[in-house]
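Comments concern the structure below.
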Number of protein chains: 2
Amino acid sequence: MGLAERKERDKLELKKTILEAAQKMLLAHGQDGLSIRKIADEIEYSPATIYLYFADKDAILHELMEMGFGVMNEYMKDAFAQKDPIKRIHSIGHAYIRFGLENKDWYELMFNSDKPMKHIEKCCEDWDQGMAMFAFLTETCRQAIELHKMENVEEQILALQLWCSVHGLVNLALTERLEIVQQNNSQVLIEKTLDAIIHTIFKE
Amino acid sequence: MGLAERKERDKLELKKTILEAAQKMLLAHGQDGLSIRKIADEIEYSPATIYLYFADKDAILHELMEMGFGVMNEYMKDAFAQKDPIKRIHSIGHAYIRFGLENKDWYELMFNSDKPMKHIEKCCEDWDQGMAMFAFLTETCRQAIELHKMENVEEQILALQLWCSVHGLVNLALTERLEIVQQNNSQVLIEKTLDAIIHTIFKE
DNA sequence: AAATATAATAAACAGTGTTCAGTAAATTAC
DNA sequence: GTAATTTACTGAACACTGTTTATTATATTT
């Protein structure tokens, strides 16, 4: 890449360029293979330059995490549009699991890594996308509770019950810990478990 | 520490000494704060010496993981002794969560880190303790299904349903992601959710 | 043309896992 | 008792990591 080309590209866009390189690296080599120095190499700047645009590596990971929610929302599109709240819950569950299994590195950053969370804490920010996701699920649960006239069920607890189930399922699968239950075909195992979870809650 | 003291200590016991130092470091500073060089410093040997006793860092983390299951079994003692299978499930759930919340670094190693699992894969070994734990839970579920005459419920699926729920719950709590649901008192939130999970499955 | 502001960097600091040639001490063989 | 061999260990290097700071080159303003 020539010097002229680079000059044209950067200026106001260097932050974006850094994030694009970071994303490329995340998807190619995972969070462990993502280093400031390699980003610097990729975009042909020195490592120090990156620190003029981001406070530290956690800040970059935090922005990547936010981008990850964009990717997840694509998976959720159809599910969110479901009219029936219980069908919506089912679809959200499926989409969530599919997103997790197909996007290990995004998922890790969004729901497991403490680095983006450390940035949030440091900057006194909030986990906005996480909150929005949970709020939507909670509202869907409220509708399901109302529709099914379920008694003594708190919408928040129900939402958490669903979230932690799929979260646990995805994590067990991503860390190869489901293999002890069934060597191959963990996809089927996951499907069956999700169906069982929703069935035990809503009785079909 | 003098030279005589060291001579006496090591010999056949160096491997143990390394693991003890590693455990101390894990509990004091977490997995990120655990380095081969710091272990070497602590036991007053060179870093290279450690590689005469362990193939690599993953091998050390794998042995630590196995030690972690020992710690967890202490938490499980009373629960395992429960006669009634449903009460046993409840107690196991409680003990599992308590262990996870009180032992973040052990838990991380046992149920999240891919480094011990990489060692297992490399050495063509099995995740023995994980399998034993799941087998016991599955057997308990079989008993519960029998006792309650539950129809169309597979013991394995039920066991996985329970495991992934508490696993997800612990992970959300440990990564500070439960705070979006409830700022303080996440302990109560977790208890309520566990109760809800078991209630929806066994109807009281 | 001189003074100032901006942008980028080289180099250093303090760490990481891992390997390998080389050394010192203990053991065995003669 | 000396020589040969084995065992136990280490220093130094390699290739990395995130981060900071003094310095330089360029661009803008006075």
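Each chain gets a letter, A, B and so on, in the order the sequences are listed, and its residues count up from 1.
For B/Tyr53, taking side-chain heavy atoms from C-beta onward, the closest of the listed nucleotides C/dA8, D/dC9, C/dG17 is D/dC9. Residue A/Tyr51 has its side chain nearest to D/dT19 when only C/dA8, D/dC9, D/dT19 are considered. Of the candidates C/dA8, D/dT10, C/dT18, the closest approach to any side-chain atom of B/Lys57 belongs to C/dT18. In this structure, the nucleotide among C/dA8, D/dT10, D/dT19 sitting nearest to the side chain of A/Pro47 is D/dT19. The side chain of B/Ser46 approaches D/dG11 more closely than any other nucleotide in the set D/dG11, C/dT16, C/dA10. The listed nucleotides are C/dT9, C/dG17, D/dC9; the one nearest the side chain of B/Ile36 is C/dG17. Here the nucleotide nearest the side chain of A/Ala48, chosen from D/dT21, D/dC9, D/dT19, is D/dT21.
One atom, CG of B/Leu52, and another, C1' of D/dT6, lie 14 Å apart when rounded to the nearest Å. Rounded to whole angstrom, the span from the CG atom of A/Asp41 across to the P atom of C/dT9 amounts to 12 Å. Note: CD1 (A/Ile39) to P (C/dA8) measures 16 Å, nearest angstrom. Atoms CG (B/Asp32) and P (C/dG15) sit 16 Å apart, rounded to a whole Å. Between B/Glu44 atom CD and D/dC9 atom C1' there is a gap of 14 Å when expressed in whole angstrom units. At whole-Å resolution of the value, CZ in A/Phe54 and P in C/dA8 are 14 Å apart. When the C1' atom of D/dT10 is taken as reference, atom CG of B/Leu14 falls 13 Å away, rounded to whole Å. The CD1-P distance, from B/Ile18 to D/dA8, rounds to 13 Å in whole Å.
A/Glu63 meets the side-chain contact (heavy atoms from CB on, under 4.5 Å) test with A/Lys15, A/Leu19, A/Phe54; sequence neighbours excluded.
With B/Asp56 as reference, B/Lys122 is the one residue of B/Lys122, B/His62, B/His119 to meet the side-chain hydrogen bond (donor to acceptor under 3.5 Å, both in side chains) rule.
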Determine, stepwise, if the pair B/Leu147 / B/Asp84 fulfils side chain to side chain contact (heavy atoms under 4.5 Å, CB included).
CA-CA 9 Å; B/Leu147 196 77; B/Asp84 179 61; 3.6 Å; yes
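A donor-acceptor contact closer than 3.5 angstrom links the side chains of A/Glu102 and A/Tyr75.
Nucleotides of DNA chain D nearest to A/Ala55 and A/Gly33 differ in position, and the one nearer the 5' end is that of A/Gly33. When each of B/Ile50 and A/Lys38 is assigned the nucleotide of DNA chain D bearing its nearest heavy atom, the one mapping closer to the 5' terminus is B/Ile50.
You'll find the ring centres of B/Phe69 and B/Phe111 inside the 6.0 Å limit. Taking the six-membered ring for Trp and the full ring otherwise, A/Tyr53 and A/Tyr45 have centroids separated by 6.0 Å or more.
Backbone-only contact: B/Leu34 has heavy atoms under 4.0 Å from sugar-phosphate atoms and none from a base. Residue contacts for B/Ile60: at a heavy-atom cut-off of 4.0 Å it reaches no nucleic acid atom on any strand shown. In this structure, A/Lys115 reaches neither bases nor backbone, as no heavy-atom distance under 4.0 Å exists between it and the strands shown. Among the atoms of the strands shown, base atoms are found under 4.0 Å from some heavy atom of B/Thr49.
Direction of the helix axis in the helix from C/dA1-D/dT30 to C/dC30-D/dG1 shifts by 30° between the two five-pair termini, rounded to 10°.
Listed for the A/Arg88 side chain is no donor-acceptor partner under 3.5 Å among the backbone atoms of A/Leu137. A donor-acceptor contact shorter than 3.5 Å links the side chain of A/Ser35 to the backbone of A/Lys38.
Interface remark: the B/Arg37 side chain does not form any donor-acceptor pair with the C/dG15 base, using a distance-only criterion of under 3.5 Å.
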